[in-house]
Amino acid sequence: ASRIFSVQSNTTLTVTGVKLTRGASTGIGGCVFTGGVFNFINGEISNCSGTHGGAIYSTNTINLVGSTVKTNTAQVAGGGIYSDGLFLATDSIVEENSSPSVGGIWNAADRTSTLTRTIVRGNTSSASAGGIYNGGTLNFYYSTLSGNTAQAGGGLVNDGFSNFVNSTVSGNTATDNKGAGIYNGAS
């Protein structure tokens, strides 16, 4: 198998109503690598694998709308999504992704992720950050972080600024008893 999409810098790709599955990369971005703008609307990305960003690796912009990212794996970090840019998710689900470091979403240092009416659940990491790792700014609006598992920071490891508004954090597990829901200032 190979990566399904590579979006080059200074370009935009919009994909609507499509299921991307079984993409694989021996490097970053199992299904999608984006150096440009990737809009993914009313679709699903599943069963993809890469070293960083099992489903998507981005150095620019990811915009998920009404979409699901599930059952992807990364061999190093960011089982679902590895964002080294801007990550926007609205009315979406990130679930059952896995990686040794950060099961669901990796938000890199000095970057911004904004999740609105989005569910991050059932993701696993064998080390830290089952659901989300935040190294920059995380805006979590009307969203749910639940049922994620890691040694530390079952739901979230926060090394940056996190802003939660009308959201739920519940049922996350830290096997080392370090922040089942949120582990703040881990580095």
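Note that the structure is predicted; figures quoted are calculated from it, not measured.
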With a 3.5 Å distance limit and no angle check, can you tell me whether [X] reaches the backbone of [Y] through a side-chain donor-acceptor pair?
X	Y	value
Thr61	Leu86	no
Thr21	Ser46	yes
Asn166	Tyr142	no
Asn60	Gly35	yes
Asp91	Thr118	no
Ser113	Asn107	no

Exercise for the section: Output all residues satisfying salt bridge (Lys or Arg N to Asp or Glu O under 4.0 Å) with Asp176, sequence neighbours left out; order by chain, then residue number. Expected result: none

Indicate, with yes or no, if [Y] and [X] share a hydrophobic cluster defined by side-chain heavy-atom contacts under 4.5 Å among Ile, Leu, Val, Met, Phe, Trp and Tyr.
X	Y	value
Ile81	Ile119	no
Leu156	Tyr183	no
Trp106	Val94	no

Exercise for the section: Would you indicate whether the side-chain heavy atoms of Arg3 and Phe33 approach each other to under 4.5 Å? Expected result: yes

Problem - Min side-chain heavy-atom separation Arg111-Asp84 under 4.5 Å - result: yes

Problem - Cluster companions of Val65 among Ile, Leu, Val, Met, Phe, Trp, Tyr (side-chain spacing under 4.5 Å) - result: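 For the cluster that includes Val65, the remaining residues are Ile41.
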
Problem - Within residues 32-42 or reaching into it, pairs that qualify as salt bridge (Lys or Arg N to Asp or Glu O under 4.0 Å) - sequence neighbours excluded - result: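 Listed by first then second residue: nothing to list.
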
Practice task
With sequence neighbours left out, write down each residue that passes ring pair (Phe, Tyr, Trp, His ring centres under 6.0 Å) with Phe140, or none if nothing qualifies.
Solution key: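 In terms of ring pair (Phe, Tyr, Trp, His ring centres under 6.0 Å), with neighbours along the sequence ignored, Phe140 is linked to Phe164.
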
Practice task
Could you tell me which residues satisfy ring pair (Phe, Tyr, Trp, His ring centres under 6.0 Å) with Phe40, sequence neighbours excluded, listed by chain and number?
Solution key: Phe38

Practice task
Report the C-alpha distance between Thr144 and Arg121 in whole Å, list the side-chain angles of each, state the deciding distance to 0.1 Å, and finish with yes or no for side-chain contact (heavy atoms from CB on, under 4.5 Å).
Solution key: CA-CA 8 Å; Thr144 300; Arg121 68 180 173 212; over 6 Å; no

Exercise for the section: Verify whether one side chain among Tyr133 and Asp159 offers a donor that lies under 3.5 Å from an acceptor in the other. Expected result: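 Yes, because at least one side-chain N or O of Tyr133 sits under 3.5 Å from a partner of the opposite role on Asp159.
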
Let me check something: any side-chain donor-acceptor pairs from residues 7-17 under 3.5 Å, sequence neighbours excluded? List them with distances.
unit_1	atom_1	unit_2	atom_2	d
Thr11	OG1	Gln8	N	3.4
Thr11	OG1	Gln8	O	2.4
Thr14	OG1	Asn39	ND2	3.0

Problem - Pair Lys19 + Glu44, salt bridge at N-O below 4.0 Å - result: yes

